[in-house]
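Only one structure is covered here, and it is reproduced in the block below.
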Amino acid sequence: MAVVHWKTNVCSTTLSSVTPPVSGATILHADLDAFYASVEQLLDPSLRDRPIAVGGGVVLAASYEARRFGVRAGMPGWRARQLCGDLRFVGGHFRRYQQFGDEVVSVFHDFTPRVERVSIDEAFLDVAGAVHLFGAPAEIAAAVRQRVREEIGLPLSVGVARTKHLAKVASQVAKPDGLIVVDPAHERAFLDPLPIRLIRGVGPTTERRLHEAGIHTIGQLAETGSPILRSLLGDAAGAKLGALSANIDTRIVQTPGPSKSVGSQAALGRRQVTRELIRETLGYLGDRVAGRLRKAHMAGRTVTVRVRFAQLRSVTRSSTLPVAISTTLTLIEVADQLARSAIADNQWEQEITLLAVSVSNLCPEHSLQLELPLDRTDLPRTQGHLRRPRAEVEVGRWGVDRSVDAIRDKFGRAAVGYATSVLSGADRVPEEFRELAER
DNA sequence: TCTGGGGTCCTAGGACCC
DNA sequence: TCTGGGGTCCTAGGACCC
C-alpha cells in the first residue's frame, strides 16, 4: 500500500524503516479531534466514553461516541437529542478551550517556527528545516502527537504530505486519533478513491452539483476537464477545484495577514420587528464591532448589515462611506439606516431571527484623522439618502470612545458604555464564546 | 420545529471614467 | 453624434470554512 497508515500506537522502529522515501513530504496538518468535546471529557472524567455535545440550541461539537449516532456540529439541539437519547449536553468552558488550544500550539513551536494556525484547533506546520534536529517528518508527527497526548491529554490527528491540501486531506482521513503519511510517489493512489467532499471548497451545494454530474470521487473529478468544471461551478470555483483534484497546490505555510473585515451578529429567536429591538441590538453589535476595530487600530469604510427573517431567508444592505470610521455611535447610526432600509424592503416579513453588523474595506486607523473632513459633497449617488458623518462630531466621538476603551481595559466591559450597548435577555450566547470566536 | 458566531472569496450587474 | 472597449468601484447575494 502506498499510504502509510498508523493508528494511535506508532513505534519508532517501524517508522525508521518506512520514512526515508518521503523526503518531499514536509508539511504537517495537525487537527485536534472533536476539540471542545475532548476538553470537556478531559475536565470531567465522568464524561469519558460517553456521547456528549457541547452547546445547547445548536451543537458546537460532538464527541465521537455521539457521532456514532449521527450527531454533528452545527446540528440543532433538538435534532441531536432525537438521534441520541443518551446524549449529554455540557456547558462550554470557552476560556479553557482557548488555553488548551494555545498549549497545543506551543508544542508545535517546539519543533518548528513555521506554524500557521488556521483556527483554535488546527494548524499547518512546515518541518522542512527541522528534520536535522528531530528526524523525518513522520517521526516529528508521531512525536507531536505523543507529546500532546501525554502532556496535555488531548487526541490529535496529523496528516503529513508534500502540500497543504494533501496534508489536510490526510489528517481528515486519519481521524480519529490517527496519523497518515502520504508518500509523494503515490499521491494519486491516495487521492483517487476518496470522496469529493474531502476537497477544500466542496460544500453541500457543490457536492450535490457534482453528484448530479456523476462525479463522486476525487479521481473522477481529476478526469473531468476544467471547461466542464467551470461551466458547472463558475470560473473561479471550477479552476480551483480542477487544480486541487489534479493535485496542484502551491500554497505555502505562512502566518495569516491582517483581517479584511470585522463583524458581530446576534441570533434573536423569532422576534417581532420593533424599533426598540432594532435599536437595542444594533447598539450592542455596533459597540462590539467598533470596539474591536479600535483595539486593532483599524477603521473601515464599508458597513454591512444583514437581517435574517424566518425560514432563514436573509437580506443584506451595505454602504461605503467616503472615509473610514471606527466610532461607535457613527457605526450604529449607519447600521440603523441600513437595517431600516432592509426591513422596509421586506415589509411582509413579520419576524426577524438575526441581526449582523460588519465593517470591511479596512485600513490602519491613523489615516482617519488625515482624511477629515467627512462632510464632503461628492458621495456616491446611491448613498444620497444616508446621513453623512460630520468631521467635528466624529473627532469628538472618537475621543469619547477612546476614554470608554481605556476604562474598560482597566475595569472590564461592563464598567461603562452607551445606554444602547447592552443586549437584554435575548442574548443566550456567553460572552466567552464570542471572544473565542473572534480569534 | 430550522440553528452560533466569526470569517473569506466569488459573481453579476450597474455606475462611472477614460 | 450616440458608438466601442477596458478598468475600477460599489452593491447584493451565495458558497464555504472553522
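Computation of the quantities below employed the complete heavy-atom set of this structure, encompassing side-chain atoms and omitting hydrogens, waters and symmetry-equivalent molecules. Being a predicted model, the structure only gives us computed values, none of them experimental.
Between A/Arg301 and C/dC10 there is a side-chain polar atom (N or O) within less than 4.0 angstrom of OP1 or OP2. When the side-chain nitrogen and oxygen atoms of A/Thr206 are compared with OP1 and OP2 of C/dC16, one or more of them lie within a distance under 4.0 Å. Applying the 4.0 Å criterion to OP1 and OP2 of C/dT11, one finds that A/Arg317 has every side-chain N and O outside that range. Look at A/Ser264 and you'll find a side-chain N or O under 4.0 angstrom from OP1 or OP2 of B/dG6. The side chain of A/Trp78 contributes an N or O atom lying less than 4.0 Å from OP1 or OP2 of B/dT3. Checking the phosphate oxygens (OP1, OP2) of C/dC10, no side-chain nitrogen or oxygen of A/Ser318 falls inside 4.0 Å. The shortest distance between the side-chain N/O atoms of A/Ser314 and the OP1/OP2 oxygens of C/dG13 is not below 4.0 Å. Residue A/Thr316 has a polar side-chain atom (N or O) positioned under 4.0 Å from OP1 or OP2 of C/dG13. Applying the 4.0 Å criterion to OP1 and OP2 of B/dT8, one finds that A/Ser259 has every side-chain N and O outside that range.
Between A/Gln311 and A/Val262, the residue anchored nearer the 5' end of DNA chain B, judged by the nucleotide with its closest heavy atom, is A/Gln311. Between A/Leu312 and A/Ala437, it is A/Leu312 whose nearest contact on DNA chain B lies nearer the 5' terminus.
The separation between A/Gln82 atom CD and B/dT3 atom P is 13 Å, rounded to whole Å. Here the C1' atom of nucleotide C/dA15 and the CZ atom of A/Arg208 are 11 Å apart, to the nearest Å. In this structure, the CZ atom of A/Phe124 is 12 Å from the C1' atom of C/dC18, given to the nearest Å. Atom CG in A/Leu293 sits about 14 Å away from atom C1' in B/dG6, given to the nearest Å. The separation between A/Gln265 atom CD and B/dG4 atom P is 9 Å, rounded to whole Å. In this structure, the CD atom of A/Glu432 is 16 Å from the C1' atom of B/dG6, given to the nearest Å. Rounded to whole Å, the distance from CG on A/Leu338 to C1' on C/dC10 is 13 Å. One interatomic measurement links the two molecules: CD1 of A/Ile352 to C1' of B/dT3, which rounds to 16 Å at whole-angstrom precision.
A/His93 and A/Glu432 are not linked by any side-chain donor-acceptor pair at a separation below 3.5 angstrom, with hydrogens and angles left out of the test. Using modelled atom types, one finds a donor on one side chain and an acceptor on the other under 3.5 Å when comparing A/Thr328 with A/Arg294.
Under the salt bridge (Lys or Arg N to Asp or Glu O under 4.0 Å) criterion, A/Arg68 pairs with no residue at all, not counting sequence neighbours. Not counting sequence neighbours, the partners of A/Arg188 by the side-chain contact (heavy atoms from CB on, under 4.5 Å) test are A/Leu191, A/Asp192, A/Ile218, A/Ala222, A/Asn247. Applying the side-chain contact (heavy atoms from CB on, under 4.5 Å) criterion to A/Pro195, with sequence neighbours excluded, gives A/Leu198. With sequence neighbours left out, the side chain to side chain donor-acceptor pair (under 3.5 Å) criterion links A/Glu150 to A/Gln146. Applying the side-chain contact (heavy atoms from CB on, under 4.5 Å) criterion to A/Ser231, with sequence neighbours excluded, gives no partner residue. For the side-chain contact (heavy atoms from CB on, under 4.5 Å) test, residues two or more places apart in sequence or in another chain that qualify with A/Val58 are A/Leu60.
Distances from the side chain of A/Arg308 to the nucleotides C/dT11, B/dG4, B/dG6 place B/dG4 closest. Considering only the side chain of A/Arg197, C/dC17 comes nearest among C/dA15, C/dT11, C/dC17. In the set B/dG4, B/dG5, C/dC17, B/dG5 carries the atom at the smallest distance from any side-chain atom of A/Arg434. Of the candidates C/dC18, C/dC10, C/dA15, C/dC10 carries the atom nearest the A/Thr320 side chain, counting heavy atoms from C-beta on. Looking at the side chain of A/Ala267, the nearest of the listed nucleotides B/dT8, B/dG4, C/dA15 is B/dG4. The side chain of A/Leu354 lies closest to B/dG5, out of B/dG6, C/dC18, B/dG5. Side chain of A/Val118, nearest nucleotide from B/dG4, C/dC18, C/dC17: C/dC18. Closest to the A/Val58 side chain, of the nucleotides B/dT3, C/dG13, B/dG6, is B/dT3.
Looking at heavy-atom distances under 4.0 Å, A/Thr353 makes no contact with the nucleic acid at all. Across all strands, A/Val59 comes closer than 4.0 Å to no nucleic acid atom at all (heavy-atom distances). Across all strands shown, A/Ser358 has no heavy atoms under 4.0 Å from either base or sugar-phosphate atoms. Using a 4.0 Å heavy-atom cutoff across all strands shown, A/Leu60 reaches at least one base atom of the nucleic acid.
Side chain of A/Ser63 to main chain of A/Arg50: a donor-acceptor pair is present (N/O by atom type, distance under 3.5 Å, no hydrogens or angles). The backbone N or O of A/Gln337 sits nowhere less than 3.5 Å from a side-chain atom of A/Ser341 that would complete a donor-acceptor pair.
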For residues 98-105 of chain A, which side-chain donor-acceptor pairs fall under 3.5 Å, sequence neighbours excluded?
residue	atom	partner	partner atom	Å
A/Gln98	NE2	A/Asp102	OD1	3.2
A/Gln99	OE1	A/Arg96	NE	3.1
A/Asp102	OD1	A/Arg117	NH1	2.8
A/Asp102	OD1	A/Arg117	NH2	3.4

Residues 206-216 of chain A, side-chain donor-acceptor partners within the protein, below 3.5 Å, at least two apart:
none

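When the P atom is used for both C/dC17 and B/dT3, the distance is 23 Å, rounded to whole Å.
Annotation: proximity of residues 67-77 of chain A to DNA chain B (heavy atom, distance under 4.0 Å) is found for A/Gly74, A/Pro76, numbered in ascending order. Residues from residues 221-255 of chain A placing a heavy atom under 4.0 Å of any atom in DNA chain C do not occur.
Legend: salt bridge (Lys or Arg N to Asp or Glu O under 4.0 Å) pairs involving residues 70-91 of chain A, not counting sequence neighbours: none detected.
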**Message:** Before you tell me yes or no, could you show the steps for A/Asp249 and A/Arg162 under salt bridge (Lys or Arg N to Asp or Glu O under 4.0 Å), namely the whole-Å CA-CA distance, both residues' side-chain angles and the distance that decides it to 0.1 Å?
**Reply:** CA-CA 9 Å; A/Asp249 178 18; A/Arg162 188 180 48 81; over 6 Å; no
**Message:** Once pairs are restricted to Watson-Crick or G-U wobble with both distances under 3.5 Å, how does DNA chain C read as a dot-bracket string, [ ] for crossings and | for other-strand pairs?
**Reply:** ....||||||||||||||
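Of the candidates A/Lys295, A/Arg288, A/Arg95, A/Arg413, A/Glu435 forms a salt bridge (charged side-chain N to carboxylate O under 4.0 Å, His left out) with just one, namely A/Arg95.
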